[in-house]
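Here's the structure, in structure tokens; my notes come after.
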Amino acid sequence: MRSQIWVGDVVRALETARTDGERARVLEMLGFIPGAVPATGHVALPAGPDRPRAPLESVRRERHPGPAPQPLPSTAAEEERPDSDVTAELPLLRPARVEAVHTPREPVEPLARPTAGRAPLPHLPLFAPGWTSAILRAMVSRRVPEGAVDIPALIDTLAHGRPVGRLPRLPVPTMRYGVQVLVDRGPGMQPFRRDQNELLERIRAVVGSSLVEVGYFSGTPQRGTGPGARWTRTAYVPPESGRPVLLLSDLGLGGPPEDPQRGGRQDWEHFVGLVTRAGCGVVALSPYPPRRWPRWMTCLLPLVSWDRTTTASRASVRLP
């Protein structure tokens, strides 16, 4: 398709031509035959030596006309040519049908159907399983003078000239007095319910089922203690003299602060005094770290951290 050529383009092309042959060639290349160009003052062809040139003013007026120049009419050669539209020269492409390619998948085994019963998740106890028995022995054992003869004590007695009525013996730990385990079922110990139940089984295995007395309470033992449900609990009674008391409680550190059943400092001081007057020792096993223990709590009774970092040497307490 030929672009439109204006008269100004013809004038500029003819100014660069030097001879008549070049001018005729330019007119032919631009689509103008020599006879088709009007010999008027609007387009003056540069003449040779025997023909004067057109004034420059007429050329300048032709270069800058007032209204927009109209395109030249098509020539006879163009009329003989078929339609010069691009669509006639280029064939239209037909849309091709694209089918999705399905990649074969490997066969997958179907999932097993869920059963009615769910398997419980594996439990990780707070104490290291290999150290639990040794930690429990260290906490609930009493030291009694039933070991080997205390030679230094015997020599001291003889050196001072005192009569030896009974051979002094070294203290050894024993669990023949049994243990009273008080389990806190309050809101603060609810996350550790499974740990409490598992530890009770370990205590029965270490001490002996006949020597283990279990009591459940909520808040403090004075508000009701018993081996069964809450409505069957009665006022707390200390064990027989010499039997240690093991508390599985947070001593009021956990749970909601506005809980009216939550034990305070005065409640626990009253409980420890009640057990001590009965001739028994008490030790508490707390699931909270030592940094959360207040000073009054550590001064009131022995505390053992219920955590995997606890060993038998750290859990050793001196019970009366």
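Small disclaimer: the values here were computed from a predicted structure and weren't measured.
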Full working for side chain to side chain donor-acceptor pair (under 3.5 Å) between Asp184 and Ser249 = CA-CA 5 Å; Asp184 188 356; Ser249 173; 2.9 Å; yes
- [ ] Start with the C-alpha distance between Leu170 and Glu146, add both sets of side-chain angles, then the distance that settles side-chain contact (heavy atoms from CB on, under 4.5 Å), and finish with yes or no.
- [x] CA-CA 6 Å; Leu170 295 175; Glu146 296 178 357; over 6 Å; no
For this session: Mind running side-chain contact (heavy atoms from CB on, under 4.5 Å) on Tyr177 and Val140 for me, showing each step along the way?
Result: CA-CA 9 Å; Tyr177 293 95; Val140 303; over 6 Å; no
Could you walk me through whether Val207 and Arg137 pass the side-chain contact (heavy atoms from CB on, under 4.5 Å) check? CA-CA 8 Å; Val207 181; Arg137 292 191 189 97; over 6 Å; no
| task | Decide side-chain contact (heavy atoms from CB on, under 4.5 Å) for Leu248 and Leu199; before the verdict, give the C-alpha distance in whole Å, the side-chain angles of both, and the deciding distance to 0.1 Å. | result | CA-CA 9 Å; Leu248 304 183; Leu199 192 63; 3.9 Å; yes
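Note on Phe127 and Leu124: separate hydrophobic clusters, where clusters join Ile, Leu, Val, Met, Phe, Trp and Tyr whose side-chain heavy atoms are under 4.5 Å apart, directly or indirectly. Hydrophobic clustering places Val149 together with Leu158 (ILVMFWY residues linked when any side-chain heavy atoms are closer than 4.5 Å, directly or through intermediates).
Salt bridge present: Glu269 and Arg265 bring a charged side-chain N and a carboxylate O closer than 4.0 Å. The pair Arg23-Glu15 does not meet the salt-bridge criterion, since no charged nitrogen lies less than 4.0 angstrom from a carboxylate oxygen.
Surrounding CZ of Arg230 are at most 12 heavy atoms belonging to other residues, nucleotides or ligands under 6.0 Å away. In the displayed structure, Gln190 atom CD is contacted under 6.0 Å by at most 12 heavy atoms of other residues, nucleotides or ligands. Crowding of Arg166 atom CZ: a count of heavy atoms from other residues, nucleotides or ligands under 6.0 Å not exceeding 12.
In this structure, the side chain of Asp259 does not engage the main chain of Pro256 through any donor-acceptor pair within 3.5 Å. With Arg142 contributing its side chain and Met175 its backbone, the two residues share no donor-acceptor pair below 3.5 Å. With hydrogens and angles disregarded, no donor-acceptor distance shorter than 3.5 Å links the side chain of Ser141 to the backbone of Ala138. A donor-acceptor distance shorter than 3.5 angstrom exists from the side chain of Thr132 to the backbone of Ala128, with no hydrogens or angles considered. With Gln261 contributing its side chain and Gly186 its backbone, the two residues share no donor-acceptor pair below 3.5 Å. Although no hydrogens or angles enter the test, the distance criterion places a donor-acceptor pair under 3.5 Å between the side chain of His160 and the main chain of Asp156. With hydrogens and angles ignored, the 3.5 Å screen pairs a side-chain donor or acceptor of Thr310 with a backbone N or O of Ser305. Under the 3.5 Å distance criterion, the side-chain polar atoms of Arg169 are matched with a main-chain donor or acceptor of Gly147. Between the Arg308 side chain and the Pro125 main chain, a donor and an acceptor come within less than 3.5 Å of each other.
Looking at heavy atoms from C-beta onward, Thr225 lies out of side-chain contact with Thr234 at the 4.5 angstrom threshold. When side chains are defined from C-beta on, Arg204 counts as touching Val214, because their heavy atoms get closer than 4.5 Å. Side-chain contact check for Ile203 versus Val179: some heavy-atom pair is nearer than 4.5 Å. Counting only heavy atoms from C-beta outward, the side chains of Arg176 and Val144 approach each other to under 4.5 Å. The shortest side-chain heavy-atom distance between Thr220 and Arg223 falls under the 4.5 Å cut-off. Residues Leu182 and Leu246 form no side-chain contact, since every pair of their non-hydrogen atoms from C-beta on lies 4.5 Å or further apart.
Once rounded to the nearest 0.5 Å, the distance linking CD of Glu198 with NE2 of His123 reads 4.0 Å. Distance check, rounded to the nearest 0.5 Å: OH of Tyr216 to CD of Gln196 gives 8.5 Å. With values rounded to the nearest 0.5 angstrom, Trp131 atom CH2 is found 8.5 Å from Arg314 atom CZ. Interatomic distance, SG of Cys280 versus CG of Leu274, reported as 9.5 Å (0.5 Å rounding). Rounding to the nearest 0.5 Å gives a distance of 5.0 Å between CZ of Arg162 and OG1 of Thr157. With values rounded to the nearest 0.5 angstrom, Leu300 atom CG is found 8.5 Å from Leu251 atom CG.
Shown here for Pro287 and Leu126, the closest heavy-atom pair between the two residues is CB-CD1, 4.3 Å. When all heavy atoms of Met139 and Val283 are compared, the closest pair comes out as O-CG1, 4.0 Å. The shortest non-hydrogen separation linking Val282 to Pro302 is O-CD, 3.3 Å. Here the closest heavy-atom approach between residue Ile135 and residue Ala315 is recorded as CG2-CB, 3.7 Å. The minimum heavy-atom distance linking Arg262 with Pro257 is given by the pair NH1-CA, 3.0 Å. Arg185 and Asn197 get closest at one heavy-atom pair: NH2-OD1, 3.0 Å.
Judged by distance alone, the side chains of Ser133 and Arg202 do bring a donor and an acceptor atom under 3.5 Å apart. For the residue pair Asp307 / Thr309, a side-chain donor-acceptor distance below 3.5 Å is found, with atom types taken as modelled.
Looking at Leu301, Leu285, Val272 one by one, the single match for side chain to side chain contact (heavy atoms under 4.5 Å, CB included) with Leu247 turns out to be Leu301.
Note on ring orientation: taking the six-membered ring where Trp is involved, the planes of Trp268 and Phe217 are perpendicular (angle over 60°, cut-offs 30° and 60°).
Every residue two or more places apart in sequence or in another chain that forms a salt bridge (Lys or Arg N to Asp or Glu O under 4.0 Å) with Glu213 is listed here: Arg243.
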Solution key, residues 289-297 side-chain donor-acceptor pairs under 3.5 Å, sequence neighbours excluded:
| residue | atom | partner | partner atom | Å |
| --- | --- | --- | --- | --- |
| Arg292 | NH2 | Leu253 | O | 3.4 |
| Trp293 | NE1 | Tyr288 | O | 3.2 |
| Trp293 | NE1 | Pro289 | O | 3.4 |

